[in-house]
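Quick notes on the structure that follows.
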Amino acid sequence: MSGAPVLAAFRQAFGEAWAGGAGALMPLGFLGGAAVLVPLGIGSDTQTLQAVGPGIIWVALALSSLVTLERIFQADVEDGTLDLWLQAGTPMAAIAAAKTLAHWLAAGLPLALASPLLALMFQAQISPQLLTDLGLYTLGGLAFFFWGGVGAALSATVRRGGLLIALIALPLYVPTAIFGALAMTGGIGSDGAPMLLAASTLFACAVAPYAMAAALRLAAD
């Protein structure tokens with residue numbers, strides 16, 4: 001199997017992520033808006049902000065990851081690229097994984113990098129723990145994009161399918177959000193939460209591309 005189509009799909013998706021949607025700016029704006037509004041709504045009590053901060057940021061990260069997902073496969077359906085891939089026998093799971101990874105690099109990785117900084121608004125202490133949190137946000141964000149890609153593939157033929165993507169993807173986000181927030185709370189079960197988060201991300205990366213491929217074949221029929 002030649003890797004040229006997969007590499008071409010990756011480059012195309014990375015370029016599309018920055019074309020017509022400002023790349024990471026829209027998701028970052030959404031994430032920043034949520035992180036700013038919540039402290040204004042619940043007050044300035046330090047203990048309260050520290051208690052709710054991880055959960056709020058994980059929810060904001062999950063919702064922010066949905067902002068650009070609508071664009072992953074829709075153009076391929078509209079311009080016939082999807083049909084060409086299928087006729088050429090290109091492995092659709094590899095194509096779907098490459099395109100999703102490109103969108104994560106363009107929009108998801110900046111979200112993960114910004115999340116520890118936003119945690120400072122919830123009275124998080126400047127410490128090496130923020131680097132650990134960065135790794136957790138990166139893992140969780142990758143799972144969000146791969147599960148969101150399943151929703152994007154299922155709604156590839158639907159115009160303005162953003163709401164449909166959210167309805168499909170948000171239930172799949174639940175384990176990742178729970179394990180991610182639990183890993184930062186220091187409460188009961190937090191010791192094993194990072195491993196469970198890593199396992200859920202690996203599961204998403206292994207299963208989601210095949211689900212996306214099946215959905216895209218249905219879209220082409």
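What you are looking at is a predicted structure, and each value in this text was computed from that prediction instead of being measured. We number each residue from 1, following the sequence as shown.
Side-chain contact check for Met92 versus Leu82: some heavy-atom pair is nearer than 4.5 Å. With contacts defined as side-chain heavy-atom distances shorter than 4.5 Å, the pair Gln12/Asp76 qualifies. Between Leu139 and Thr176, every side-chain heavy-atom pair lies at or beyond the 4.5 Å cut-off. The shortest side-chain heavy-atom distance between Leu66 and Ile165 falls under the 4.5 Å cut-off.
Contact detail for Leu130 and Ala124: the closest heavy-atom pair is CD2-CB, 4.4 Å. Taking both residues in full, the closest heavy atoms of Pro171 and Ala166 are given as CD-O, 4.2 Å, listed atom of the first, atom of the second, then distance. Pairing each heavy atom of Ala98 with each of Phe10, the nearest pair is O-CD1, 3.3 Å. Of all non-hydrogen atoms in Ile72 and Lys99, the two that sit nearest each other are O-CE, 3.0 Å.
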Side-chain donor-acceptor pairs of residues 100-118 under 3.5 Å, sequence neighbours excluded:
| unit_1 | atom_1 | unit_2 | atom_2 | d |
| --- | --- | --- | --- | --- |
| Thr100 | OG1 | Ala96 | O | 2.8 |
| Ser115 | OG | Leu111 | O | 2.8 |

Output side-chain donor-acceptor pairs under 3.5 Å for residues 49-60, partner residues at least two apart or in another chain, one line each.
| unit_1 | atom_1 | unit_2 | atom_2 | d |
| --- | --- | --- | --- | --- |
| Gln50 | NE2 | Gln123 | O | 2.9 |
| Trp58 | NE1 | Gly180 | O | 3.3 |

Atom pairs and distances, side-chain donor-acceptor, residues 140-153, under 3.5 Å, sequence neighbours left out:
none

Show me, pair by pair, the donor-acceptor contacts under 3.5 angstrom made by side chains of residues 193-200, not counting sequence neighbours?
| unit_1 | atom_1 | unit_2 | atom_2 | d |
| --- | --- | --- | --- | --- |
| Ser200 | OG | Leu196 | O | 3.4 |
| Ser200 | OG | Leu197 | O | 2.8 |

Q | Stepwise side-chain hydrogen bond (donor to acceptor under 3.5 Å, both in side chains) check, Asp133 with Gln129 | A | CA-CA 6 Å; Asp133 292 348; Gln129 179 61 37; 3.0 Å; yes
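Distance CG/Leu136 to CE/Met184: 4.5 Å, rounded to 0.5 Å. Leu216 contributes atom CG, which lies 8.0 Å from atom CG of Leu86 (distance to the nearest 0.5 angstrom). Note that CD of Gln74 is 7.5 Å distant from OG of Ser155, once rounded to the nearest 0.5 Å.
Among residues two or more places apart in sequence or in another chain, the side chain to side chain donor-acceptor pair (under 3.5 Å) test is passed with Tyr173 by Ser65. Listed by chain and residue number, Asp45 satisfy the side chain to side chain donor-acceptor pair (under 3.5 Å) test with Thr48 (two or more places apart in sequence, or in another chain).
Hydrophobic clustering of Ile, Leu, Val, Met, Phe, Trp and Tyr side chains at less than 4.5 Å, counting indirect connections, unites Val207 with Leu172.
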